[in-house]
Amino acid sequence: MAERYYLTTAISYPNGRPHIGHAYEFIATDALARFKRLDGYDVMFLTGTDEHGIKMLQTARKEGVSPRDFAERNSAEFKKMAAALGGSNDDFIQTSEPRHYTASQAIWTLMADAGDIYKDSYSGWYSVRDEAYYGEDEVTLKEDGQRYGPQGTPVDWVEEESYFFRLSAYQDRLLDLYEQNPDFIGPAERRNEVVSFVKSGLRDLSVSRTTFDWGIPVPGDEKHVMYVWVDALTNYLTATGFPGEGERSAFWPADLHVIGKDIVRFHTVYWPAFLMSAGLPLPRRVFAHGFLFNRGEKMSKSVGNVIDPFALIDVYGLDRLRYFLLREVPFGQDGNYSHDAIVNRTNSELANDIGNLAQRSLSMIAKHCEAKVPTPGPYTSADEAVLAQSHQLLVTAREAIDRQELHAVLAAIVALVSATNRYFAGEEPWALRKTDPDRMATVLYVTAEVVRRAAILLQPFVPESAAKLLDILGVAGDRRTFSELAPERALRPGSDLPPPQPVFPRFVDQLAEEDGAKGGPK
RNA sequence: GGCGGGGUAGCUCAGAGGUAGAGCGCCGGACUCAUAAUCCGGUGGGCGCAGGUUCGAUUCCUGCCCCCGCAACCA
C-alpha cells in the first residue's frame with residue numbers, strides 16, 4: 001500500500017464570485033497534489049466552500065433567496081472554477097452538507113466532554129458593520145451620543161449568551177507543539193508570528209452565536225449555532241468520514257493545509273487546540289501563501305481590478321496561467337501579476353526555452369533519424385553533464401515540494417532546459433549531420449531524453465501541455481510517473497515518434513496594438 | 001507604542017567581512033536545427049542615510065529615515 005498524502009485548500013467563503021486569489025491557492029494545491037500522485041503517493045486532495053455565517057445570511061437576504069439556495073448557487077461557481085482550472089481534487093466539500101453537520105457536532109461533543117466548552121455570556125461593544133466586538137478603550141463617544149469603533153462604524157452594547165472554548169488552557173501545549181514540530185507552520189516567518197502571538201497570552205474563544213440561525217446547531221442547545229470557524233475548520237475532518245470509520249479514515253491526520261496568510265491563526269492556533277481537546281491527531285503542516293496584486297495594487301471591487309479567473313483562462317489558456325502563477329511568485333510570498341509579466345514569463349520560458357528545445361531537437365530527429373528515437377553512441381563529458389543534471393532534478397524537486405517551494409521546482413526545470421539549449425548549440429548537431437551522423441544521433445538522443453525528464457516533472461504544473469510534450473516524445477500514457485525518471489527507463493532507441501508539433505506557442509499580443517499600455521484582459 | 005521582516009543593476013530578486021551576482025530588459029556579435037527562436041559577448045549598482053568596530057563592511061554594531069507583516073474573527 002502506497003504512503004498516503006492528504007492535502008487541502010482552505011474552503012472558500014462563497015459570498016461572491018471566485019477571484020484570482022481563490023484560483024491561485026487552488027492551482028498551487030493542485031500542483032502539489034499532482035506531484036505527490038506522480039511520485040507514487042496515495043493522495044487525497046480536498047477543496048470546498050464554507051457556507052455558514054452571518055455574512056452569507058445577509059447577502060442571501062439582500063438577494064431575496066434562502067441562505068441554503070444562495071450557498072448552493074455560489075458554491076456551484078467555485079466548483080466550476082475548480083473544473084476550469086484543471087483541478088484534480090478528490091472531493092469538494094460544502095459545509096452545509098449533512099455529513100458535515102454530523103462531523104461538526106461530533107467534534108463539538110468531544111470538546112465538550114473534555115470539559116473545554118462552557119456557557120457564559122459575551123458582552124461588549126459590537127459593530128454590526130465590522131462584525132466585531134471592541135474593547136472599551138477602542139470605542140469613542142461622539143457628540144451625537146452614539147459610540148463608534150476604531151473603523152468609524154457605530155457600535156452598540158450587546159450582551160449575548162455564548163459557549164466558550166477554553167483556548168487559554170492550551171497555550172503551553174501549543175507552544176510545545178511549535179517547539180517540537182518546527183515544520184508545523186510554514187513559511188518560517190509565519191511561524192514566528194504565531195509563536196509570539198501565542199506567547200502573548202490566549203483568551204477563551206466564543207464559539208457559538210444565538211443572533212442568527214444559519215449554521216450548525218450546538219448539540220443539546222439548538223438555539224445556538226456554532227461559531228463559523230469551529231464549523232469551517234472541521235471540514236478537513238469531515239471529508240475523511242469522521243466520526244465514522246471508513247476507507248478514508250486513514251487519511252487523517254492531514255499532511256498539509258494550504259491556506260492564505262490571513263487565516264494563519266485559525267489554522268495554527270484554534271485548529272490544533274480544538275483537535276487536542278477532542279483527542280484527535282494534529283495535521284502535520286500548515287502552509288500560508290501570500291496575496292496576489294494586480295500590477296502592484298491590492299485588488300478590490302471599488303478600484304474595479306478584481307480579476308475573474310475564467311477570463312484569465314480565456315485570454316492566456318490554462319497552462320500559461322498556471323505556469324505564470326506558480327513560477328513568478330515565490331510560494332509563500334506576495335506577488336504581482338500583470339499582462340506584461342504573464343506574457344514575458346511564459347514566452348521566455350515556456351515557448352522560447354522549453355517549447356523550442358523540444359521543437360528543434362524533435363524536428364531534426366523527424367527529418368534525419370527516420371522519425372525514430374536515435375541510437376546514441378558513447379557519451380562525452382558534455383552529454384554526461386546534462387544527463388546528470390536531469391537526474392538531479394527529481395531529488396531537488398522533492399525537497400522543494402516538501403517545503404511547498406513550487407517556484408523552486410520550476411526554476412530548476414528551467415535551469416536544466418537552459419543548460420540543454422546551451423549544450424545543443426555547443427554541439428551543433430546540424431553541422432554534425434554532415435561530418436559525423438553518429439555523433440549527431442547521440443546529441444539528439446541526449447536532448448530528447450532530457451526533454452522527456454523535464455516533461456515528466458512539468459506535469460503537475462502544466463498538465464495538458466506536459467501531456468502533449470510526452471505525446472510527441474512517444475511516451476506511453478502509463479510511463480509518465482516519476483518512477484520513469486530512473487536511468488533504465490530512458491527513451492528506447494528505435495521506437496517510433498509521431499510528427500513533432502509546437503507545444504508552447506508564443507503569446508502574440510493583440511492587445512498591445514489595440515489599446516497600448518493599458519494591457520491586461522478585461 | 002510593542003514584536004518581526006525588509007530597503008542591492010531599469011524591473012524582480014539572490015548574496016555575504018576582503019576589490020558586487022542571477023533572470024528579465026537593453027546594445028553588439030554568431031548561428032540557422034528551431035516557435036523572429038537559440039548561443040556568445042557587452043551595457044548597467046556611490047548595496048536607504050549618518051556614525052562606529054576592523055588592516056578592510058554592502059556584509060557586524062548604534063542611531064535615523066522609509067516600506068511591509070503580526071497585534072482575536074475577509075482567499
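Quick caveat, the model's predicted, so the values are computed rather than measured. Residue numbering restarts at 1 for every chain, and letters A, B, ... go by the order of the sequence lines.
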### Query
In terms of side-chain heavy atoms of F197(A), which of U35(B), C33(B), A72(B) is nearest?
A72(B)

#### Entry: Pair assignment for G4(B), Watson-Crick or G-U wobble, requiring both distances under 3.5 Å
C68(B)

### Pair Y337(A) + F293(A): ring centers closer than 6.0 Å
no

### Query
In terms of side-chain heavy atoms of N356(A), which of C40(B), U38(B), G69(B) is nearest?
U38(B)

### Task
From the options C74(B), C31(B), G69(B), select the nucleotide whose nearest atom is closest to the side chain of W430(A).
C31(B)

### Message
Between E328(A) and Y323(A), do the side chains contain a donor N or O and an acceptor N or O under 3.5 Å apart?
### Response
no

### Task
Using modelled atom types only, decide if a donor and an acceptor are shared between the side chain of T442(A) and the backbone of G377(A) within a distance under 3.5 Å.
yes

### R422(A) side-chain proximity, nearest of C39(B), U35(B), A72(B)
C39(B)

### Query
How far does the C1' atom of G21(B) sit from the matching atom of U8(B), given to the nearest Å?
10 Å

### Query
Taking atom P of C33(B) as reference, at what distance in whole Å does atom CZ of R439(A) sit?
19 Å

### Query
On a whole-Å scale, what distance lies between the P atoms belonging to C24(B) and C40(B)?
11 Å

### Query
For the pair made of NZ in K261(A) and P in C70(B), what is the distance, rounded to whole Å?
6 Å

### Selected nucleotide, minimal atom distance to K55(A) side chain, candidates G69(B), C74(B), C73(B)
C74(B)

### Message
Can you check the distance between U19(B) and G56(B), where both ends of the measurement are the P atom (answer in whole Å)?
### Response
16 Å

### Query
Hey, do the aromatic rings of F507(A) and F324(A) have their centres closer than 6.0 Å?
no

### Task
Could you work out which one of U38(B), C73(B), U35(B) sits closest to the side chain of R506(A)?
U35(B)

### Query
E25(A) near the nucleic acid: base, sugar-phosphate alone, or nothing, with a heavy-atom cut-off under 4.0 Å?
sugar-phosphate

#### Entry: P-based separation of G18(B) from A50(B) [nearest Å]
23 Å

### Check: T47(A) main-chain N/O paired with N89(A) side-chain donor or acceptor under 3.5 Å
no

### Message
Considering every strand and a 4.0 Å limit on heavy-atom distances, what is the contact class for A10(A): base, sugar-phosphate, or nothing?
### Response
sugar-phosphate

### Partner nucleotide of A50(B) by Watson-Crick or wobble geometry (both distances under 3.5 Å)
U62(B)

### Query
For G45(B), which nucleotide is its Watson-Crick or G-U wobble mate, given both distances must be under 3.5 Å?
none

### Query
Can you find a side-chain donor-acceptor pair between D383(A) and T380(A) that sits under 3.5 Å?
yes

### Query
Are D50(A) and K55(A) close enough for a salt bridge, meaning some N to O gap below 4.0 Å?
no

### Task
Assign each of G426(A) and L357(A) to its nearest nucleotide of RNA chain B by heavy atoms, then name whichever residue's nucleotide is nearer the 5' end.
L357(A)

### Query
Between C39(B), C33(B), C73(B), which one does the side chain of A425(A) approach most closely?
C39(B)

### Query
Out of C39(B), C73(B), A72(B), which nucleotide sits closest to the side chain of N421(A)?
C39(B)

### Task
Answer with base, sugar-phosphate or nothing: what part of the nucleic acid does F266(A) contact at a heavy-atom distance below 4.0 Å?
sugar-phosphate

### Task
Identify which nucleotide among G69(B), C33(B), C39(B) has an atom closest to any side-chain atom of M364(A), counting heavy atoms from C-beta outward.
C33(B)

### Query
R320(A) CZ to U35(B) C1': how many Å, rounded?
12 Å

### Query
Which nucleotide, in any strand shown, forms a Watson-Crick or G-U wobble pair with C11(B), with both distances under 3.5 Å?
G23(B)

### Task
Measure the distance from CD1 on I185(A) to P on C70(B) and round it to the nearest whole Å.
14 Å

### Task
Identify whether the distance between the nearest side-chain nitrogen and carboxylate oxygen of E464(A) and K468(A) falls below 4.0 Å.
no

### Query
Nearest-Å distance, NZ (K367(A)) to P (C33(B))?
7 Å

### Task
Have a look at N347(A) and say if it touches a base, only the backbone sugar-phosphate, or nothing, with a 4.0 Å heavy-atom cut-off.
nothing

### Query
Hey, does I263(A) reach any base, or is it just sugar-phosphate, or nothing, if we go heavy atoms under 4.0 Å?
sugar-phosphate

#### Entry: 5′-ward residue of the pair S348(A)/S363(A) relative to RNA chain B
S348(A)

### Short side-chain N/O contact from N352(A) to OP1 or OP2 of U38(B), under 4.0 Å
yes

### Task
Could you measure between the two P atoms, the one in C64(B) and the one in A9(B), and give it in whole Å?
25 Å

### Query
So what does R345(A) touch, heavy atoms closer than 4.0 Å: a base, only the sugar-phosphate, or nothing?
nothing

### Task
Find the partner of C55(B): check Watson-Crick (N1-N3 plus N6-O4 or O6-N4) and G-U wobble (N1-O2, O6-N3) distances, both under 3.5 Å, and reply none if neither fits.
G18(B)

#### Entry: Opposite nucleotide pairing with A30(B), Watson-Crick or G-U, both atom distances under 3.5 Å
U38(B)

### Message
Once you apply a heavy-atom cut-off of 4.0 Å, does V503(A) come out as touching a base, just sugar-phosphate, or nothing?
### Response
base

### Gap in Å between the two C1' atoms, one belonging to G5(B) and one to C31(B), rounded
47 Å

### Query
Base, sugar-phosphate, or nothing: which does Y270(A) touch, judged by heavy atoms less than 4.0 Å apart?
base

